[in-house]
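Residues take their numbers from the sequence shown, with the count starting at 1. One-based numbering, in listed order, for ligands and for the atoms of each.
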Amino acid sequence: MTAPIYEVRNISKKYGAVTALDDVTMQLYPGEVVGLVGDNGAGKSTLVKCLSGVHQPTSGTILLEGQERHWKSPHEALEQGIETLYQDSGLAPHLSVAANVFLGREETVPGILGKMGFLAQKKMDVEAHQELDRVGIAVPQSNRSVSQLSGGQRQAVAIGRAVAWAKKVIILDEPTNHLGARQAGEVLQIIKTAREQGLGVIFISHTLPHVMEVTDRIVVLRLGKVVKDAPTSEFTVETLLGTITGLITD
Ligand SMILES: Nc1ncnc2c1ncn2[C@@H]1O[C@H](COP(=O)(O)OP(=O)(O)OP(=O)(O)O)[C@@H](O)[C@H]1O
Ligand SMILES: [Mg+2]
């Protein structure tokens, strides 16, 4: 059996008096999609922020490919191949699709943004288009400003950016929110492609049929604790719902 690509052991996170995560342990394997579910306030986004370097856990250990890590910033985690799409995701609306795809990558692609002349701009448009295309996202013109896109198209750009850059792990916090059925289906397809590429994917959603469709395993959080960690095939939407709300406690 392969080793986990990303792992947390006995992580707790306190915000002052609030315990948002309480002794959470979970593993993510390469080529695996893990669903992270739980009611509002269960601690999902807090776990995401610990995994992506936004927050440091109060206690516990984070291991990337078996090595203990103490992220000091999201940038550090990003450099190590961990991409995160936050629930309150940050696209810059006034910038073009292409600029958004490359936002924050100035150091990794000096050839492109080092000389931000007209030609560089064009090259960026083309490469952004190729990257989005590679991960299966069709955005009409990557030189268009993000503020001119629909909500669903913006979400697609944000996800495409994350999948295009992810080297090891991709964390998606409610990526199908506010999407129509077709767009949500496309996002699920992108997740499947990421899995085929051998990435480890953490997928967070309140839409349980989406979770059932795309995940291999589901971790249920309740009040900051893991109450269930089992293969998706062991759940139905009904038992998953019961486990989330606490009606089912096995
Ligand atoms: N920055 C913060 N400061 C203080 N408390 C916080 C902070 N962020 C989250 N919390 C608290 O931590 C707990 C977990 O919140 P978190 O955002 O992780 O939940 P969630 O599972 O993502 O919920 P949702 O499904 O609503 O997005 C909640 O009680 C919340 O109020
Ligand atoms: Mg959340």
field: Proximity flag Glu174 to ligand 1, non-hydrogen atoms under 4.0 Å
entry: yes
- prompt: Does the N or O separation between Ala42 and ligand 1 drop below 3.5 Å for any pair?
  reply: yes
- prompt: So, Ser205 side chain and Thr207 main chain: donor-acceptor pair closer than 3.5 Å or not?
  reply: yes
message: Going by side chain to side chain contact (heavy atoms under 4.5 Å, CB included), name the residues that satisfy it together with Thr215, two or more places apart in sequence or in a different chain.
response: Val33, Phe203, Val211, Ile218, Thr232
statement: In ligand 1, the atoms that come under 4.0 Å of a heavy atom of Thr46 are 14 (C), 15 (O), 16 (P), 18 (O)
message: Other residues, nucleotides and ligands only: do more than 12 of their heavy atoms fall within 6.0 Å of NZ on Lys14?
response: no
message: Parallel, tilted or perpendicular, judged at 30° and 60°: which one describes the rings of Trp71 and Tyr6?
response: tilted
field: Spatial distance of atom CD1 (Ile5) from atom NZ (Lys167) [nearest 0.5 Å]
entry: 12.0 Å
query: With a cut-off of 2.8 Å, does Thr46 place any N/O/S atom under that distance from the Mg ion (ligand 2)?
result: no
query: For Val18, is at least one N or O under 3.5 Å away from an N or O on ligand 1?
result: no
field: Stepwise salt bridge (Lys or Arg N to Asp or Glu O under 4.0 Å) test for Lys192 and Glu213
entry: CA-CA 10 Å; Lys192 291 173 189 172; Glu213 180 187 333; 3.0 Å; yes
- request: Please could you name the atoms of ligand 1 that Asp39 approaches to less than 4.0 Å, counting only its heavy atoms?
  value: 21 (O)
task: Taking all heavy atoms of Glu32 and all of Arg195, pick out the closest pair and write down the distance.
output: N-CG, 4.4 Å
- prompt: Based purely on interatomic distance, does Lys44 place a nitrogen or oxygen under 3.5 Å from a nitrogen or oxygen of ligand 1?
  reply: yes
- line: Numbered in order shown, the ligand 1 atoms found under 4.0 Å of a heavy atom of His206 are 25 (O)
- request: Could you name the option among Ala17, Ser205, Ser45 that has the heavy atom nearest to atom 17 (O) of ligand 1?
  value: Ser45
- prompt: Would you say Gly38 has any N or O atom under 3.5 Å from an N or O of ligand 1, going by distance alone?
  reply: no
